[in-house]
*Asks:* 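Structure provided below as structure tokens; questions to follow.
In each ligand, atom 1 is the first atom listed, and ligand 1 is the first ligand listed.
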Amino acid sequence: MGQKPLIVLNFKTYAESMGEKAVLMAKYCEEVSIESGIEIIACPQTPDVFRVAGVVKIPVFAQHIDSVSAGSYTGHITADCVLSAGAKGTLINHSERRILLSEIDSAIQSAKKAGLVTIVCTNNISVTSAAAALSPDFVAVEPPELIGSGIPVSKANPEIVSGSVNAVKKINPMVKVLCGAGISTGDDVAAAIELGTGGVLLASGVIKAKDPRAALFDLVKKI
Ligand code: G3P
């Protein structure tokens, strides 16, 4: 993941981005990434990682991993398994898939061992600070009340974004900061970058758009 702003598209469990539709969504991401030169990461549901990663060249991330490793565990998602399915990284602790701080730590360690890039999601500046102390590659701050709202965090709550950027600088300047919740336009992305982030994490603005491909082109237009 280079110096250019990053766009991370979480497919969540939306019907519009599942199964073969996940492949199509990832192809749109790839097309826009190639044309714009902006790195776009696709995060499909875990069972779709293998089929999506087999078709596109953009990075595919898992939405979650558990802190367990290979062994006598059932129903868990391991870092090694998503890696072998073709994932290059993973979200950890999304607001819709929260885990304990100790589990975030173990999940980051397992991901690092496997060579996966880690994006730890946080819901406020204090949690951002705690997450940064665990040295993931990225933290992504997302106020839960703005998730899926269409009201962009970069405009509705710029303080949480700049506050997270400042907190991370003090605690662990190697960690890059993303922000998310309600992001849907190129203006929202530009505002996020203005606040010092390295990019955005988003979902509904693209996945639920009438024309997701056009929504993706709009996102990168001001970068
Ligand atoms: O992971 C992205 C997310 O939680 C934000 O969702 O729909 O507000 O872009 P959305």
*Asks:* Using distance alone, determine whether Gly148 and ligand 1 share an N or O pair under 3.5 Å.
*Replies:*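 Yes; at least one N/O pair falls below 3.5 Å.
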*Asks:* Consider every N or O of Ser149 and every N or O of ligand 1, then say whether any pair is closer than 3.5 Å.
*Replies:*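 Min N/O separation from ligand 1 is not below 3.5 Å for Ser149.
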*Asks:* Should Ala203 be counted as touching ligand 1, given the test is an N or O pair under 3.5 Å?
*Replies:*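 Between Ala203 and ligand 1 (N or O atoms, distance only) the closest approach is under 3.5 Å.
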*Asks:* Could you tell me whether the side chains of Asn123 and Ser95 share a donor-acceptor contact shorter than 3.5 Å?
*Replies:*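 Not at all, the side chains of Asn123 and Ser95 share no donor-acceptor pair under 3.5 Å.
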*Asks:* Output yes when the distance from some N or O of ligand 1 to some N or O of Lys12 is under 3.5 Å, and no in every other case.
*Replies:* yes
*Asks:* How far is atom 7 (O) of ligand 1 from the closest protein heavy atom, and which atom is that?
*Replies:*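 Of every protein heavy atom, Ser204 OG, 2.5 Å lies nearest to atom 7 (O) of ligand 1.
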*Asks:* Under 3.5 Å, is there a donor on one side chain and an acceptor on the other for Asp218 and Thr185?
*Replies:* no
*Asks:* If the cut-off is 4.0 Å to any non-hydrogen atom of Ile147, which atoms of ligand 1 fall inside it?
*Replies:*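 Once the distances to Ile147 are compared, the set is 4 (O), 6 (O), 8 (O).
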*Asks:* Count I, L, V, M, F, W, Y as connected when their side-chain heavy atoms are under 4.5 Å apart, and connections chain through other members. Are Val189 and Ile38 then in the same cluster?
*Replies:* yes
*Asks:* Grouping I, L, V, M, F, W and Y whenever their side-chain heavy atoms are under 4.5 Å apart, do Val117 and Val82 come out in a common cluster?
*Replies:*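 No; tracing contacts between hydrophobic side chains, which count when under 4.5 Å, never links both residues.
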*Asks:* Of the protein's non-hydrogen atoms, which lies at the shortest distance from atom 2 (C) of ligand 1, and what is that distance?
*Replies:* Glu142 OE2, 3.1 Å
*Asks:* Under 4.0 Å between a Lys/Arg side-chain N and an Asp/Glu carboxylate O for Lys4 and Glu39?
*Replies:* no
*Asks:* With nothing but distance in play, are any N or O atoms of Gly182 less than 3.5 Å from an N or O of ligand 1?
*Replies:* yes
*Asks:* Closer than 4.0 Å to some heavy atom of Leu201 - which atoms of ligand 1 meet that?
*Replies:* 1 (O), 2 (C)
*Asks:* What atoms of ligand 1 come closer than 4.0 angstrom to any heavy atom of His94?
*Replies:* 1 (O), 2 (C), 3 (C), 4 (O)
*Asks:* Should you measure from each heavy atom of Ala181, which atoms of ligand 1 turn up under 4.0 Å away?
*Replies:* 5 (C), 8 (O)
*Asks:* State yes or no: do Leu201 and Ile108 share one hydrophobic cluster built from I, L, V, M, F, W and Y residues joined by side-chain heavy-atom distances below 4.5 Å, directly or via other members?
*Replies:* no
*Asks:* If you draw a 6.0 Å radius around OH in Tyr14, do more than 12 non-hydrogen atoms from other residues or ligands fall strictly inside?
*Replies:*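 Atom OH in Tyr14 is packed in, count exceeds 12.
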*Asks:* Take a 6.0 Å sphere around NZ of Lys221 and say whether it holds more than 12 heavy atoms from other residues, nucleotides or ligands.
*Replies:*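 Buried by this count: over 12 neighbours within 6.0 Å.
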